[in-house]
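Beneath this line is the structure, given in structure tokens, with notes to follow.
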Amino acid sequence: MTVIEDSTPLQQNHLPDEIIDRESEREQLQKAPTDQNLHIHGPRGTGKTHLIKKYVEDIDGKACYISCLEHDTQYKILQQLVSQLTHDSIQTGHHTSELQRKIEEHTDVLDFTVVLDELDFLLLNDGDDLLYFLSRLNNPPRIITITANTEDLKQQIEPRTYSSLHPRRIQFEPYTGQQIYEILADRASKTLKPKSLHRNAATYIASSTQNAELALTWLRTAAQHADEAVTEELVQEIREDAYNLHIEKHLEKLSQHHRNLYQAIQELSKEKGPVVNAGSIYQRYQKITEERGREPLSNRRTSDYLKQLEELNLIKAEYHYGGEKGKTREVRLTDQADNI
DNA sequence: TATCCACCGGAAAAGGAGGACT
DNA sequence: AGTCCTCCTTTTCCGGTGGATA
């Protein structure tokens with residue numbers, strides 16, 4: 001016995017045609033002049049990527065969507081751009097300027113949009129070289145940047161880049177409990193048998209998180225476990241599972257080393273309390289990695305990886321520059337109490 | 001006043017994969 | 001096939017941080 005009628009709309013990457021409660025943002029997006037660059041900022045799970053992907057579908061063919069989580073250097077993004085524009089794949093080994101020239105050939109004759117999602121991961125590695133290059137072309141493409149951590153691009157990039165980019169900012173606020181409730185109810189109506197999502201269950205989820213992605217993962221997990229209906233008890237029962245699944249989904253996109261690091265923090269915070277410092281994390285990470293028969297990365301390298309986990313909001317870190325604790329950072333896991 | 005803590009984070013360098021040319 | 005180029009990933013090196021302690 002299952003409560004699921006049509007599992008498609010429940011799946012992780014499903015993009016429903018209608019977006020709930022993002023009317024004003026959608027309007028801002030559609031009404032912005034097409035030569036105006038945009039910077040979209042908002043916490044995770046507020047529908048930024050979702051809305052942009054729909055937008056890209058609407059103006060089909062004229063936009064390149066690139067996630068800087070996967071393509072985190074200027075070079076990789078240039079490769080992506082060239083291969084999307086020319087429809088064939090580019091290997092490594094080329095000169096950056098050669099790729100830039102190819103892109104320039106396209107911009108000269110074609111107006112198109114470049115969407116850079118998760119921009120923080122590019123800025124972390126390569127700074128703003130790519131943004132500078134794109135914005136200073138003769139006939140620059142329209143640039144839409146999306147980030148969860150950089151509210152104001154001006155703080156993060158060179159003044160000369162900012163002045164040629166000069167993006168209009170579109171801010172996504174966290175969903176309210178009411179909105180999360182509506183999203184859940186809507187999704188349930190499309191996927192579950194009638195009346196199988198209890199009102200209290202949806203209310204419980206909606207009062208626990210403002211992150212729509214997490215809320216939907218939660219609903220999905222509950223629906224898969226449900227016999228007759230998704231009840232409040234069931235939703236409470238699987239709370240932990242749903243959250244872990246949500247985390248796993250993010251970690252999947254990263255490397256085994258990231259996962260080992262995360263596990264190290266998990267273990268340590270279970271043993272010694274929630275706050276752990278970077279040194280002990282590294283030691284535990286080494287142990288875990290060696291036990292799996294792999295060579296651990298250097299301390300310096302994992303320091304960068306920790307930063308990436310932080311950017312993804314999987315951990316929180318507090319930096320100390322000197323003082324009684326020396327120069328270090330204290331790390332703890334982001335948990336549901338943080339209302340992500 | 002010198003030294004210590006504990007590790008951050010920038011810079012440089014090493015090693016590797018792939019392309020272009022001879 | 002060999003050489004030289006490119007960029008990517010990772011390591012190595014090291015200066016720096018500011019209160020606590022001797």
Side-chain angles (χ1 to χ4, degrees), chain A residues 66-105 116 118-134 149-150 155-158 251 253-262 264-265 268-269 271-290 292-312 314-333:
Chain A
I66 295 173
S67 165
C68 304
L69 193 59
E70 293 165 71
H71 310 285
D72 58 358
T73 63
Q74 154 162 240
Y75 190 81
K76 285 181 190 165
I77 292 170
L78 289 172
Q79 270 183 316
Q80 270 310 107
L81 280 175
V82 171
S83 72
Q84 286 191 29
L85 290 168
T86 62
H87 302 291
D88 47 36
S89 69
I90 301 286
Q91 305 304 319
T92 183
H94 302 279
H95 214 289
T96 296
S97 61
E98 184 197 335
L99 295 180
Q100 289 180 330
R101 190 182 46 73
K102 283 191 176 163
I103 286 166
E104 193 161 11
E105 279 170 17
L116 298 174
E118 300 281 8
L119 181 76
D120 297 306
F121 291 87
L122 171 66
L123 297 178
L124 223 51
N125 285 324
D126 271 16
D128 67 355
D129 292 349
L130 177 82
L131 290 176
Y132 184 71
F133 162 74
L134 288 176
N149 300 316
T150 305
Q155 316 277 323
Q156 296 292 321
I157 62 179
E158 304 261 337
L251 286 172
K253 299 179 197 158
L254 307 173
S255 71
Q256 186 62 46
H257 291 293
H258 289 91
R259 289 190 279 276
N260 292 355
L261 261 180
Y262 187 84
I265 303 168
L268 288 171
S269 54
E271 293 162 21
K272 304 193 168 114
V275 177
V276 286
N277 59 340
S280 59
I281 293 173
Y282 183 63
Q283 284 175 12
R284 182 59 63 96
Y285 155 82
Q286 279 182 307
K287 188 167 156 257
I288 291 171
T289 307
E290 274 161 13
R292 295 189 168 148
R294 300 250 258 137
E295 198 69 21
L297 297 174
S298 70
N299 197 353
R300 178 70 186 81
R301 187 64 180 138
T302 56
S303 172
D304 286 342
Y305 280 25
L306 273 182
K307 187 91 195 163
Q308 292 172 2
L309 293 180
E310 191 189 350
E311 293 279 344
L312 280 174
L314 297 177
I315 61 175
K316 302 231 180 276
E318 195 176 329
Y319 292 73
H320 297 278
Y321 296 91
E324 77 189 304
K325 287 161 184 156
K327 189 178 182 182
T328 185
R329 66 184 136 177
E330 291 179 324
V331 173
R332 66 183 180 83
L333 296 175

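In what follows, chains carry the letters A, B, and so on, assigned in the order in which the sequence lines appear, proteins first and then strands, with residues in each chain numbered from 1.
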Taking 4.0 angstrom as the limit, do [X] and [Y] come out as a salt bridge?
X        : Y        : result
A:Arg284 : A:Glu271 : yes
A:Asp304 : A:Arg301 : yes
A:Arg101 : A:Glu105 : yes

Between atom [atom1] in [X] and atom [atom2] in [N], what is the gap in whole Å?
X        : N      : atom1 : atom2 : value
A:Gln308 : B:dG9  : CD    : P     : 13 Å
A:Ile281 : B:dC7  : CD1   : P     : 10 Å
A:Asp126 : B:dG10 : CG    : C1'   : 15 Å
A:Arg301 : B:dC8  : CZ    : P     : 14 Å
A:Leu261 : C:dT10 : CG    : P     : 12 Å
A:Glu98  : B:dC21 : CD    : P     : 10 Å
A:Asn125 : B:dG10 : CG    : P     : 12 Å
A:Lys327 : B:dA6  : NZ    : C1'   : 10 Å

Would you say [X] reaches [N]'s phosphate, i.e. side-chain N/O to OP1/OP2 under 4.0 Å?
X        : N      : value
A:Asn277 : B:dC7  : yes
A:Tyr305 : C:dT10 : yes
A:Thr328 : B:dA6  : no
A:Tyr321 : B:dA6  : no

Please compare A:Arg300 and A:Gly279 by the position of their nearest nucleotide in DNA chain B and report the one closer to 5'.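 That would be A:Gly279.
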Check nucleotides 4-7 of chain C for protein N or O atoms closer than 3.5 Å to its own N or O atoms and list the pairs.
from: C:dC7; atom 1: OP1; to: A:Thr96; atom 2: OG1; distance (Å): 2.8

Q: Answer yes or no: is there a side-chain heavy-atom contact under 4.5 Å between A:Tyr75 and A:His94?
A: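 In contact.
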Q) Any donor-acceptor pair under 3.5 Å joining the side chain of A:Arg329 to the base of B:dG9? A)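 Absent.
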[X] to [Y] - nearest heavy-atom pair and separation:
X        : Y        : answer
A:Ala264 : A:Ile281 : CB-O, 3.9 Å
A:Cys68  : A:Leu116 : SG-CB, 4.1 Å
A:Leu261 : A:Leu306 : CD1-N, 4.1 Å

Exercise. Side chain of A:Leu297: nearest nucleotide among B:dC8, C:dT10, C:dT12?
Worked result: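 Output: C:dT10.
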Note to self: Applying a 4.0 Å non-hydrogen cut-off, can you work out what A:Tyr282 is touching in the nucleic acid: base, sugar-phosphate, or nothing?
What the structure shows: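 Nothing, no nucleic acid heavy atom in range.
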